[in-house]
There are 2 protein chains.
Amino acid sequence: MTSDLHATVEERLRDAGQRYTLKRRELVEVLRRAGRPSATPDLVRGRRGMPQSSVYRNLAVLEQVGVVRRVITEEGIARYELAEDLTTHHHHLVCRVCGAVEDVTIPSRLERTIERTLAEAAADLGFEGVGHRVDLIGTCRTCRASATA
Amino acid sequence: MTSDLHATVEERLRDAGQRYTLKRRELVEVLRRAGRPSATPDLVRGRRGMPQSSVYRNLAVLEQVGVVRRVITEEGIARYELAEDLTTHHHHLVCRVCGAVEDVTIPSRLERTIERTLAEAAADLGFEGVGHRVDLIGTCRTCRASATA
DNA sequence: ATCAGTGCAAACTTTTTGCACCGCA
DNA sequence: TGCGGTGCAAAAAGTTTGCACTGAT
């Protein structure tokens with residue numbers, strides 16, 4: 001399924017008149033392996049020949065062609081993950097102390113209920129509901145442990 | 001009920017060894033009138049004798065004593081609103097184009113269902129669920145109108 | 001040869017902080 | 001009169017951009 005992913009990415013880029021360069025492939029690969037939204041330092045760290053500007057620019061391109069999604073955390077910094085149609089619909093558990101993010105899925109029955117109700121509320125207010133963001137804010141294992149100390 | 005609000009704020013500040021100064025009162029008043037999360041420019045604009053540093057510092061204090069809540073938007077900038085126990089539990093509809101935010105409430109029955117399920121999922125992952133963030137992302141009336149042009 | 005992509009450094013935006021001064025309990 | 005609050009200006013942190021160079025078709 002990995003080659004499927006890259007094939008899809010390549011296609012989306014080509015459709016937008018863009019190339020699937022080595023660096024872009026590397027970014028996609030890192031995001032796939034991460035399995036959770038990654039911050040830019042994570043994408044640059046230890047990777048020589050990967051300046052911030054390229055990371056930001058390539059992520060912007062990948063976002064525009066629908067390959068990655070940009071998520072803003074509680075601290076106001078950006079994290080990036082593969083678009084949901086390349087993975088699966090999920091939500092985030094965000095640690096309010098260290099900002100760590102875990103992926104989580106919830107039962108599709110409840111998912112649909114949430115979606116429907118929110119869309120309804122949105123329509124009442126003149127919004128065209130195109131998506132929702134359901135995050136859980138808490139304290140992760142690690143930060144609870146160090147808080148005890 | 002307005003005096004109740006200020007009395008509560010004053011009490012919370014006093015309990016933390018802080019004063020309810022005129023500027024803090026002004027900030028609380030503006031947030032109450034806004035009825036939606038406000039960005040710092042909104043809190044400074046047109047208000048002389050209200051430098052950014054004071055706004056940020058006072059908002060930080062008010063957040064620490066549980067009077068205001070800081071919300072990060074899709075664009076990564078902070079917005080501030082009165083804490084939920086001073087208003088009512090609600091969610092946000094965020095315009096993905098202009099970043100406008102509307103408040104919205106959903107039926108308490110569904111609210112409880114969401115809360116319970118998310119807490120459960122969080123516990124499985126070693127998080128201590130202390131809250132959730134349910135936002136709806138869409139396009140507001142104004143931006144839909146200008147998109148048509 | 002052309003045009004997208006890259007790398008460096010500088011600019012920009014939002015938020016935080018150092019420091020001297022002000023003012024209320 | 002002491003300590004919290006204020007204001008200015010500078011610094012951080014994260015992100016974006018200008019520009020010259022590289023590389024693939």
Side-chain angles (χ1 to χ4, degrees), chain A residues 9-30 37-65 67-81 94 98-99 101, chain B residues 6 9-30 37-65 67-81 98-99 101:
Chain A
V9 172
E10 185 162 19
E11 189 191 330
R12 291 188 190 179
L13 281 168
R14 203 194 325 273
D15 287 355
Q18 307 263 6
R19 298 175 197 151
Y20 196 19
T21 63
L22 218 54
K23 288 185 194 290
R24 287 176 185 177
R25 190 176 291 263
E26 198 177 338
L27 283 175
V28 168
E29 196 55 38
V30 172
S38 308
T40 41
D42 304 332
L43 303 173
V44 184
R45 190 168 28 221
R47 229 168 286 278
R48 54 191 165 69
M50 186 63 94
Q52 299 233 15
S53 58
S54 290
V55 170
Y56 280 111
R57 266 193 279 236
N58 283 325
L59 287 173
V61 169
L62 290 169
E63 188 188 14
Q64 277 180 324
V65 302
V67 168
V68 315
R69 178 161 83 114
R70 174 184 164 135
V71 183
I72 303 293
T73 68
E74 289 280 282
E75 320 109 283
I77 74 157
R79 285 175 177 270
Y80 298 85
E81 64 182 354
V94 184
C98 67
V101 183
Chain B
H6 290 298
V9 172
E10 185 162 19
E11 189 191 331
R12 291 188 190 181
L13 282 168
R14 203 192 334 266
D15 288 354
Q18 307 261 7
R19 298 177 199 149
Y20 196 20
T21 62
L22 218 55
K23 288 186 194 289
R24 289 177 185 176
R25 190 176 290 265
E26 198 177 339
L27 283 175
V28 168
E29 196 55 38
V30 172
S38 309
T40 42
D42 304 332
L43 302 173
V44 184
R45 192 171 23 224
R47 228 169 286 278
R48 55 188 164 73
M50 186 63 93
Q52 298 232 17
S53 58
S54 290
V55 170
Y56 280 111
R57 265 194 278 236
N58 283 325
L59 288 173
V61 170
L62 291 169
E63 188 187 13
Q64 278 180 324
V65 302
V67 168
V68 315
R69 178 160 84 114
R70 174 184 164 134
V71 183
I72 304 292
T73 68
E74 289 282 281
E75 320 109 282
I77 75 157
R79 284 174 177 271
Y80 298 84
E81 65 182 352
C98 67
V101 183

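Per chain, numbering begins at 1; letters A, B, ... match sequence-line order. Note that this is a predicted model, so its numbers are computed, not measured.
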Base, sugar-phosphate, or nothing: which does [X] touch, judged by heavy atoms less than 4.0 Å apart?
X	value
A/Ala60	nothing
B/Gly76	nothing
A/Thr21	sugar-phosphate
B/Arg70	sugar-phosphate

So if I take every side-chain heavy atom of A/Ser53 and compare against C/dT15, C/dT6, C/dA9, which nucleotide ends up nearest? C/dA9

Output the rounded distance in Å from [atom1] ([X]) to [atom2] ([N]).
X	N	atom1	atom2	answer
A/Asp15	C/dA4	CG	P	16 Å
B/Gln18	C/dC24	CD	P	17 Å
B/Tyr56	C/dT13	OH	C1'	9 Å
B/Glu63	C/dT15	CD	P	12 Å
A/Ile72	C/dT13	CD1	P	17 Å
B/Lys23	C/dC22	NZ	C1'	12 Å
B/Ile77	C/dC12	CD1	C1'	15 Å
B/Leu22	C/dC22	CG	C1'	15 Å

Is the phosphate of [N], meaning OP1 or OP2, less than 4.0 Å from a side-chain N or O of [X]?
X	N	result
A/Asn58	C/dG5	no
A/Arg57	C/dG5	no
A/Ser54	C/dG5	no
B/Gln52	C/dT15	no

Carboxylate-amine/guanidinium proximity below 4.0 Å for B/Asp15 and B/Arg12: no

Span of DNA chain D, from the first to the last nucleotide whose atoms fall under 4.0 Å of chain B heavy atoms: D/dC3 to D/dA9

Please walk me through it: do A/Val28 and A/Arg25 pass side-chain contact (heavy atoms from CB on, under 4.5 Å)? CA-CA 5 Å; A/Val28 168; A/Arg25 190 176 291 263; 5.8 Å; no

Test side-chain contact (heavy atoms from CB on, under 4.5 Å) applied to B/Arg70 and A/Glu74, step by step: CA-CA 9 Å; B/Arg70 174 184 164 134; A/Glu74 289 280 282; over 6 Å; no

How long is the straight-line distance from OH of A/Tyr20 back to CG of A/Asn58, given to the nearest 0.5 Å? 10.5 Å

First of B/Arg19 and B/Ala78 reached from the 5' end of DNA chain C, by closest nucleotide: B/Ala78

Provide the closest heavy-atom pair for [X] versus [Y] in the form atom of the first, atom of the second, distance.
X	Y	value
B/Gly76	A/Ile72	CA-CG2, 3.7 Å
A/Arg19	A/Leu13	O-CD1, 3.6 Å
B/Ala16	B/Val65	CB-CG1, 3.6 Å

Assess the residue pair B/Leu59 and B/Thr40 against the criterion (side-chain contact (heavy atoms from CB on, under 4.5 Å)); give the C-alpha distance rounded to whole Å, side-chain angles, the decisive distance to 0.1 Å, and a yes or no. CA-CA 9 Å; B/Leu59 288 173; B/Thr40 42; 4.2 Å; yes

